[in-house]
2 protein chains.
Amino acid sequence: MTAEIHHGDCIEVMRTMPGGSVDAIVTSPPYAEQRKSTYGGIPEADYPAWTVAWMAEAWRVLKPNGSVIINIRPHIRNGQVSDYVLHTRLAIRAAGWNECEELIWKKGGPPMGSTHRPRRSYESLLWYAKHGRPYADPKAAGPSSTRIGLEYGRLGPHRHSGQRPPSTGTARVSDVVEVNTVRNKKSDGLNDHPAPFPVELAEWMGKLICPPNGTILDPFSGSGSTGVASVRNGWKFVGIDAVEKYVEMSRERLKEEAA
Amino acid sequence: MTAEIHHGDCIEVMRTMPGGSVDAIVTSPPYAEQRKSTYGGIPEADYPAWTVAWMAEAWRVLKPNGSVIINIRPHIRNGQVSDYVLHTRLAIRAAGWNECEELIWKKGGPPMGSTHRPRRSYESLLWYAKHGRPYADPKAAGPSSTRIGLEYGRLGPHRHSGQRPPSTGTARVSDVVEVNTVRNKKSDGLNDHPAPFPVELAEWMGKLICPPNGTILDPFSGSGSTGVASVRNGWKFVGIDAVEKYVEMSRERLKEEAA
DNA sequence: ATGAGGAATGAATCCCCAC
DNA sequence: GGTGGGGATTCATTCCTCA
């Protein structure tokens, strides 16, 4: 196992990394001003340029066939979906990235948000690469009707009753993946992060875009879920976070995972 | 029951309608050039302006608290997601519309398309209104984990094992709705349309944004699924389609539905 | 009737080969 | 070389047939 987590600004840390050394980047950056108290926040107007900046350095460290998956979803304010994600997507494309797909992470979890609206229960996983055909293994990540950590029921009117086992890997994954959110245990020092995404989701993304024994980078590694997923799947991991507390927390988490 | 279907260009037909007479607009317009042989196709570069044009007339016929749901998803070409939908969303907003939410229709159906990518199994439902708080009833459309036309299994860690009946309407719907695609029966004259969306999906959208006994407009009514949903739920319906064959087909379908 | 099994189908995408 | 059309690919679901 090779897993390292650095403390600092991700652009500066990436600058110290050799070019073309990373197979896949899997990350959940701060959503503009939504985690302001922890990460300082990025004004929505600056978010496209801020994203293009860190992705420019990511381009350098990424292999030619590597790719990037970014977890994000715009918030709603005054009943309107914020438009900074639309502008950011256009800015990323204008910077030369190929938008391969918008994948959907369907979360379980408790109802949140306005009672005048449907329950918000998904987030986008924006997938970018240097060209139109990066490395990807759509069969590695599981059956096509991917419902991870949930039980398999019948997905539709189908003659064969009862539980259906996960496929043996001959079917491509769906672009909608269902994974329940992890509970944010405030009392658990190892998981006390404002927005950790589930390890199973990181594993799904890694299986899709990281080759066996490859290297994954998470420039906003937070609680370290991408690192845990890497350890469990034999990928080398490089994590970066600007908050020292989370760096220490996730180092500890990886140490426990390896034990 | 009041249901009428007009033949013609939707802008011209809408011009004949009184202002402020429609509660909800539910539609699936042609996706740029994807149904070119049937509808002539709209060049991607023209698509934002084309959309803004018909929505301008839609604004006039829509009540102050009414809203619009548009079904669309960009195609992939050469490994890249087409960007015309992003530009169209920005253009719609620039025209004064409030983007309330991007809802997700998770389709069932067969895995087609590139073997190098996850199976594409969802489409977006873009929801627009004149302001930030249009009429909406998130509890009317069903249980929060909406899986329509499919059997209910356990969606997650849940005490009660086995099948769970649909809720009685106390829970808000999710922003991800699962409905299988309808089979395109080429031999069935009443359903011979290149891309009919399921009646159940139209019902779900109508329950969300159309008040009881309200009026629904579908400016690209195609095979008439929105009309069928309206008849089944007591909404008044106005459909418009540019292809006479589909107008006749859907009139026939509504006649059978009423019988 | 009921259920098992086979065949057909699908808002696709990509590759490849004429022209 | 660029452009455009035809064919291969792929499997969940539906439909149909037959025991």
Side-chain angles (χ1 to χ4, degrees), chain A residues 98-102 127 129 131-134 136-147 152-162 164-176, chain B residues 27-42 44 47 70-82 84-85 104-126 147-151 153 178-188 191-198 200-202 220-223 225-226 241 243 246:
Chain A
N98 182 295
E99 185 172 303
C100 298
E101 189 59 283
E102 179 180 358
W127 180 18
H131 54 79
R133 195 165 161 177
D137 188 350
K139 295 184 179 180
S144 60
S145 294
T146 314
R147 193 169 296 155
Y152 277 80
R154 289 169 41 168
L155 290 179
H158 197 271
R159 205 58 58 94
H160 310 292
S161 62
R164 186 182 57 178
S167 119
T168 49
T170 56
R172 286 180 292 149
V173 293
S174 166
D175 53 2
V176 179
Chain B
T27 196
S28 182
Y31 298 1
E33 313 236 33
Q34 289 194 260
R35 290 278 73 90
K36 197 170 184 173
S37 61
T38 307
Y39 287 102
I42 302 98
E44 292 191 21
Y47 202 85
I70 301 167
N71 165 223
I72 197 165
R73 186 177 189 190
H75 59 270
I76 286 176
R77 194 163 43 201
N78 299 324
Q80 171 127 355
V81 177
S82 177
Y84 79 94
V85 173
I104 299 293
W105 167 29
K106 183 177 187 313
K107 309 186 283 188
M112 295 181 66
S114 171
T115 57
H116 306 284
R117 296 301 178 84
R119 186 167 63 89
R120 302 192 97 206
S121 60
Y122 76 90
E123 300 202 9
S124 291
L125 304 169
L126 300 172
R147 190 169 298 157
I148 294 171
L150 304 170
E151 299 190 33
E178 299 185 33
V179 186
N180 281 343
T181 48
V182 295
R183 182 184 131 99
N184 188 349
K185 299 176 189 168
K186 288 230 174 70
S187 58
D188 178 353
N191 204 15
D192 180 16
H193 184 269
F197 57 69
E200 290 79 5
L201 180 64
F220 305 94
S221 63
S223 64
S225 296
T226 307
D241 203 90
V243 178
Y246 297 135

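Lettering follows sequence order; numbering is per chain, from 1.
Scanning DNA chain D for stems, defined as runs of 3 or more consecutive Watson-Crick or G-U wobble pairs whose donor-acceptor distances all fall under 3.5 Å, gives the following ranges: C:2-10 with D:11-19, C:12-19 with D:2-9.
Taking OH of B/Y122 as the reference point, atom NZ of B/K107 lies at 10.5 Å (rounded to 0.5 Å). Distance check: B/L126 CG to B/N71 CG gives 8.5 Å after rounding to the nearest 0.5 Å. From B/H116, atom NE2 reaches atom CG of A/D137 across 11.0 Å, with rounding to the nearest 0.5 Å. To the nearest 0.5 angstrom, B/I72 atom CD1 is 8.0 Å from B/S28 atom OG. With rounding to the nearest 0.5 Å, the separation of NZ in B/K106 from OG in A/S174 is 4.5 Å.
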*Can you give one letter per nucleotide of nucleotides 12-19 of chain C, going 5' to 3': B for a protein heavy atom under 4.0 Å from the base, S for sugar-phosphate only, - for none?*
BSSS----

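Residue B/R119 contributes atom CZ, which lies 13 Å from atom P of C/dA11 at whole-angstrom precision.
The side-chain tip of B/R73 does not point at the ring of B/Y31 from less than 6.0 angstrom away and within 45° of straight on.
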*Apply side-chain contact (heavy atoms from CB on, under 4.5 Å) to B/W105 and B/T181, showing your working.*
CA-CA 10 Å; B/W105 167 29; B/T181 48; 4.1 Å; yes

*asked:* As a quick check of understanding, evaluate side-chain contact (heavy atoms from CB on, under 4.5 Å) for B/Y84 and B/H75, giving each step before the final call.
replied: CA-CA 10 Å; B/Y84 79 94; B/H75 59 270; 4.0 Å; yes

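Within 3.5 Å, a donor on the side chain of B/S28 pairs with an acceptor on the base of C/dA11, or the reverse.
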